[in-house]
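Residue indices begin at 1 and follow the sequence shown. Predicted model only: the values in this text are computed from it and were never measured.
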Amino acid sequence: MQEWANQLCENRQFGSKMTDSKYFTTTKKGEIFELKAELNSDKKEKKKEAVKKVIASMTVGKDVSALFPDVVNCMQTDNLELKKLVYLYLMNYAKSQPDMAIMAVNTFVKDCEDPNPLIRALAVRTMGCIRVDKITEYLCEPLRKCLKDEDPYVRKTAAVCVAKLHDINAQLVEDQGFLDTLKDLISDSNPMVVANAVAALSEIAESHPNSNLLDLNPQTINKLLTALNECTEWGQIFILDCLANYTPRDDRESQSICERVTPRLSHANSAVVLSAVKVLMKFMEMLPKDLDYYGTLLKKLAPPLVTLLSAEPELQYVALRNINLIVQRRPEILKHEMKVFFVKYNDPIYVKLEKLDIMIRLASQANIAQVLAELKEYATEVDVDFVRKAVRAIGRCAIKVEQSAERCVSTLLDLIQTKVNYVVQEAIVVIKDIFRKYPNKYESVIATLCENLDSLDEPEARAAMIWIVGEYAERIDNADELLESFLEGFHDESTQVQLQLLTAIVKLFLKKPTETQELVQQVLSLATQDSDNPDLRDRGYIYWRLLSTDPVAAKEVVLAEKPLISEETDLIEPTLLEELICHIGTLASVYHKPPSAFVEGSRGVQHKRLPGSAGSGESVESPDTGSTAAAVSEAPPAVIPSQGDLLGDLLNLDLTPPTTTGPIPPPSSGMQMGAMDLLGGGLDSLLGGDLGGSPAMGTGFGVPPAAMPASFSAPVSSGLDDLFDLGGGVGMPMGAYSPPKTVWLPAMKAKGLEISGTFARRAGVIQMEMTLTNKAMSVMTDFAIQFNRNSFGLAPAGPLQVLTPLSPNQSIEVTLPLNTVGPVMKMEPLNNLQVAVKNNIDVFYFSCQYPISMLFVEDGKMERQVFLATWKDIPNENESQFQIKDCHLNSDAASNKLQGSNIFTIAKRTVEGQDMLYQSMKLTNGIWVLAELRVQTGNPNYTVSLKCRAPEVSQCVFQGYEAVFKN
């Protein structure tokens, strides 16, 4: 459409004196017939008018493809305007009329040799836009000539055409040597040709990351930098983006490139400025910090970024998102520019919130007074979201700049006195963090906070207040009454508040055991017996166990000294930040996500890294070490744990319970496992969090309630081994399950040919194993096989190899390897396969069902954290539960057997004498299936719960489980 628009605009310069609107007016019946007659008219003017009417009809969505041959006949003209219109029509309809489009090939070839360069360029541009395979090979010769044309306008158009042609038929472009010609164009004397050649090569390189098409070396870089000064703004962007992918050999070359790119910072186009900033940010990494030029460059980067903030709001937002990244990497660039980030009254909310974020990042001892004055002003605005963020920002300033903490706390108290509900709640949330950062310093304000207890209605504020009461219980006379008031509506509270309340009351009990024994019994009972939230139950059981067996240990655990929280709580993880800096000026820098997170089918998305800084000894990473680097990236800075992380990391605890005297009651049926959210939070306790923190003390506390999971009462060999290494008794996996052969095609239905068979997966290859039996009286030869379209694209990977004729009463074993790249169509049932077998007698048809376990691939073992996140992310309605009856394996043997069929166990835990295995498998088409398998000793029935983004596969997967166990 863009091409049409451009060309229609170009046509206006040739337009007649009248306006073109007349072509869009409706005409009477027989419109196509009339247009056909006019197109074949001898008069040039009439012909041109007719083509304009055709284009007008096409533009408003009418089907005028019937006129294809008549319009194509109009190509033979010297009139440039008419030729453009015909080409426009051709581009639109060539795909639906490929046979007719071949008629136009001769004209293209002829036009590519026209003396007028505009016509030559027009022909080559149109060629690139006609995406018809049949035509492409005819266009290679004209394109080759245009790539070496004497006119730069034709060459630059031809360069882009190569990229378009590569998208249609990559092999053809490589065979014809067009890529080498494109590389030669980088040395062209015309800067626009250079820019288009770079753009085309970059586009092609993206879809072939390992092709090394843009072989950048100092000589090539020099040519690009020379062209940079003279080409158009979009040409400059292509060249700058290409430069950003180059890694200089040393700091001297890096400085030289920076010096030549710096003038682009003053360009009027903001995209050019951001591309230049990207190049400079990358190459600065290689400059020694003590170099004079390094300081000069930092100063030069600030003004263009500030200038971007005077543009319209949408551009400001993009600039601010990029500045946010730059400030995290190099805050010194904008440290003196705080005022430009102060919010204006007429800024849209999205600009305000982004400016606020950057203000906090730039806050320092030198400018904190200014910043606080601004933030206090913002906290009285009318926009609720903005006010909330401003109040939080005051708290972040206190944590970041210690000298300002007192002033910040005072400001927050003033805001609490306003009694504006949402301001009070935000203030309490941030004061909790200030207490964590500066213990024993500002606790005098607790009394003021307690006065506002009744007005708190948001879970985060209520949880923060409960934490403060529990943490400083010894300083608050009526702490037990305050916490008891929350306990009255315990089941109506959010999980966040319930968890915090449980921990706070345990802390209170450890500090004042004699007065609060009844209260702690009550909360532990509510958490363990009356709650169906596994997070809450697990934490309740841990506290109960701690308090009942070793109060001293409980005190050490729950009242342990907490680490101070860090200054910056929302920094982007360093390796991700490096990658985003390499994508400044693109969507990745606005979303703050790597391209692989939002580019669908991102085959060409490469993970980029900044080069090692000068003198750091860090080598520049080669492209193929990206995955390793990501795995061993430096740890992100410690941050305030988000609420989701507040459940203790059980992996770091030794789960062996202390030996106790006296019997522990057996588990009762008081807590139904079926009611538990499968994994929704229970697995959180397996996979990590933070034990909150509350001490324990007191004697005669009693044993845990009857509903205590057996996993806590029975000794556990070793926490980590049992949970994840599965070391206890899980040996080598057995072979993959393969069902016994069954008769697929009886002899009576196939003129004497009987086919029985099965499917197997061996060494990662799916195989169809068949026995062909000749029960006829004549010899059978010339066997062939074909599959109908099916749910998973199963297709033969080669011909059916029956090497000798099949004599009467003879049987032969045949193995046919399969792949999954065939055409796809959903079948009923999903694993149904329709097969046609041909021999010298006839063609025979049959259908069979393959076990879905054949499609489970070898790399189907999910990372633990990914498993947890994925399980939570898949909607609950996608969950299916099945019973597998008459199984007599223990959980280790079951896990072992399933692993042979590529069903991998990620984690295992025991609850109430029931082993729970968390498993993952991946189908050949990339669909992941997650499972929870429950195995109870002495019970021959297993329960399997399956979760999948494509729930229709669950039934087949269950059948796969059943088949593996029953084998």
Residues Gln425 and Asp457: side-chain donor-acceptor under 3.5 angstrom
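The answer is yes; a qualifying pair exists.
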
Do we see a donor-acceptor contact under 3.5 Å between the side chains of Thr575 and Glu573?
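A donor-acceptor contact under 3.5 Å links the two side chains.
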
Could you check whether [X] pairs with [Y] (Lys NZ or Arg NE/NH1/NH2 to Asp/Glu carboxylate O, under 4.0 Å)?
X: Arg392; Y: Glu460; answer: yes
X: Asp538; Y: Arg909; answer: yes
X: Glu877; Y: Lys947; answer: no

Qualifying residues under salt bridge (charged side-chain N to carboxylate O under 4.0 Å, His left out), relative to [X], sequence neighbours excluded:
X: Lys922; result: Asp859
X: Glu484; result: none
X: Glu962; result: none
X: Glu474; result: Lys511

Using the test side-chain contact (heavy atoms from CB on, under 4.5 Å), find all partners of [X] that sit at least two apart in sequence or belong to another chain.
X: Gln919; result: Leu898, Ile903, Thr905, Leu917, Ala931, Leu933, Tyr961
X: Ser485; result: none
X: Thr870; result: Met862, Val866, Ile874, Leu930, Arg949
X: Asp477; result: none

Partner of Phe509 under side-chain contact (heavy atoms from CB on, under 4.5 Å), chosen from Asp480, Leu547, Leu519
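The single option meeting the side-chain contact (heavy atoms from CB on, under 4.5 Å) with Phe509 is Leu547.
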
So which of Leu487, Thr516, Ile505 actually passes side-chain contact (heavy atoms from CB on, under 4.5 Å) with Gln522?
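The residue from Leu487, Thr516, Ile505 that satisfies side-chain contact (heavy atoms from CB on, under 4.5 Å) with Gln522 turns out to be Leu487.
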
Considering residues at least two apart in sequence or located in another chain, which fulfil the ring pair (Phe, Tyr, Trp, His ring centres under 6.0 Å) criterion with [X]?
X: Phe486; result: none
X: Phe882; result: Phe958
X: Phe490; result: none

Going by salt bridge (charged side-chain N to carboxylate O under 4.0 Å, His left out), name the pairs with one or both residues in residues 492-506, residues two or more places apart or in two chains.
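Those involving residues 492-506 are Arg462-Glu493.
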
Nearest-0.5 Å distance, NZ of residue Lys908 to OG of residue Ser891
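Result: 3.5 Å between the selected atoms.
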
Point-to-point distance, once rounded to the nearest 0.5 Å, from CG of Leu483 to NZ of Lys507:
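So the gap between those two atoms works out to 10.5 Å.
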
For Thr418 and Leu415, indicate whether the former's side chain and the latter's backbone hold a donor-acceptor pair under 3.5 Å.
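Looks like yes, one N/O pair under 3.5 Å.
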
Any donor and acceptor pair, going by atom type alone, linking the side chain of Ser954 with main-chain N or O of Pro951 inside 3.5 Å?
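It does hold such a pair.
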
Heavy-atom count around Lys419 NZ within 6.0 Å, excluding the residue itself: above 12?
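Counting neighbours around NZ of Lys419, more than 12 heavy atoms of other residues, nucleotides or ligands fall under 6.0 Å, so yes.
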
For Glu863, look at atom CD and say whether over 12 heavy atoms of other residues, nucleotides or ligands are found less than 6.0 Å away.
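No.
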
Check whether any side-chain heavy atom of Val935 lies under 4.5 Å from a side-chain heavy atom of Asn890, and answer yes or no.
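The answer is no, as the side chains (C-beta and beyond) never meet within the 4.5 Å cut-off.
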
Please confirm whether Phe435 and Tyr442 have ring centers closer than 6.0 angstrom.
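For Phe435 and Tyr442, the ring centres are not under 6.0 Å apart.
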
Ring-face cation of Lys441 near Tyr438 (centre distance under 6.0 Å, axis angle within 45°):
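Output yes; distance and angle both within limits.
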
